[in-house]
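The block underneath contains the structure these notes are about, expressed in structure tokens.
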Amino acid sequence: MKTVIINVIVVTMNEAREIHNPGFVMFENDTILATGPMELLPKEAEDSRIHFIDGKNGILMPGMVNIHTHMGMIPFRGLGDDCKDRLRVFLLPMEQKAMDRELVYLSTRYAAGEMLLSGVTSVLDMYYYEEEAARAMDEMGMRGIAGQTIMDEGACDFSDPYEAIAYGERLIKKYESHPRITACVAPHGTSTCSGEVLQAAYRIDSSYRVPFTIHTAEMEYEMEYFRKDYGMTPVQYLESIGVLGEMTLAAHCIHMTEEDILLLKEKGSKVAHCIGSNTKAAKGVAPVTAMLGHEIPVGLGTDGPASGNTLDILTQMKLCADFHKNETKDRSAFPAETIVSLATIKGAKAMGIDRVTGSLEPGKQADMVLVETGSANMFPVYDPYSSLVYSANASNVEAVYVAGECLVKNKKLVNVELKELRDSLIQKMKKTEFRKHMDFYK
Ligand SMILES: [Zn+2]
């Protein structure tokens, strides 16, 4: 059945960056058929069999894209937030003791619900037991890539990195023809995997044309390690072992030289910018303005819920504006339209899914977010880009569609109750090491 959403400000994010105000979007099943100003609503729209939805002057934008996160880490949110060495004190020991298939599944389901409620429709996840993550994302109706994380020293799921790589490849094959879910092999970091492991993972990702995503130039100790042992930056190292290419999606890229940026451009590599995670951990601000100046595809990532505490891209958009303007001492730097493009079409490009999502155009998947403008913080609207970046927050997300299916309506999940997602996760967490920190949930 055809559906038309009318009386909305349509932020298309197409090549010409058209805005239709007021406008409409017509879609059928999973595909967008037409979009334009209200006066150009096709005659066939008068057909009584067409389903009309009044957008009530909200802003209709493409579904947002979160290109770097760890959905299985919901239980870690808020644990050791202001601890200097949170990674070694809390994360790694707890992960070894508590993380299993079921916890990843339940955590990813919750994370998917949380993201959908904030308007994120596509996600690149990176964690362990990713078969469970893929299943959870699929059941929740999201579009996503399940990145099986590999570490030399082993992790909670596999002690041998090559076994983890083989599992990742099986997962890629399993989802090869799925309409929304894909998988990839996602090595943990430049210094936590050997060159051979990185090369083996890269070969698989390249052959299946899925992202080779990896934490890069994020940590001070990582920079020091490559400086001392190789006389290189992490980016130069990746290039030297032949794993910097167009399938490479480097997460963070905080500590970058001009040569590093040129190398990314030359190789066609992409970047996940995680401003909330980076600044909360006092790691610095990635030189994204320079990367965009070289037309490197950059998208936004929240990083895991333990790092930035939020999985919503609207928060990242605001932080992006705040930190980059402050960093460059330029009020006009990093304008709102550019930031919305990172959250949508450029993020989709960095993830390799821009042919199907990231903009509202005929032929693309109907991945859409309706941001209401009736709340106190959303008045007045003069420029929708500005309203989305500087005024909106996740609580303004009214409705969300993925592949034409309405997954959020009236600010609530359609197919499942958030309470059910939370309760099942709490019950599971109580059976693990997390119970020691859960007095509040007795
Ligand atoms: Zn990360």
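Whatever order the structure lists them in is the order used to number ligands and atoms, beginning at 1.
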So does Glu176 pair up with Lys173, basic N to acidic O under 4.0 Å?
-> no
Salt bridge present between Glu131 and Arg101 (N-O < 4.0 angstrom) = yes
From His70, does some N, O or S atom reach closer than 2.8 Å to the Zn ion (ligand 1)?
-> yes
Run the salt-bridge test on Glu169 and Arg203 with the 4.0 Å N-O cut-off and return the result as yes or no.
-> no
Looking at His68, the N/O/S atom that lies nearest to the Zn ion (ligand 1) is called NE2
For residues Thr310 and Arg77, report the shortest heavy-atom separation together with the two atoms involved.
-> CA-NH1, 4.3 Å
Would you say His252 has an N, O or S atom lying under 2.8 Å from the Zn ion (ligand 1)?
-> no
Angle subtended at the Zn ion (ligand 1) by His215 NE2 and Asp303 OD1, to the nearest 10 degrees, is 170°
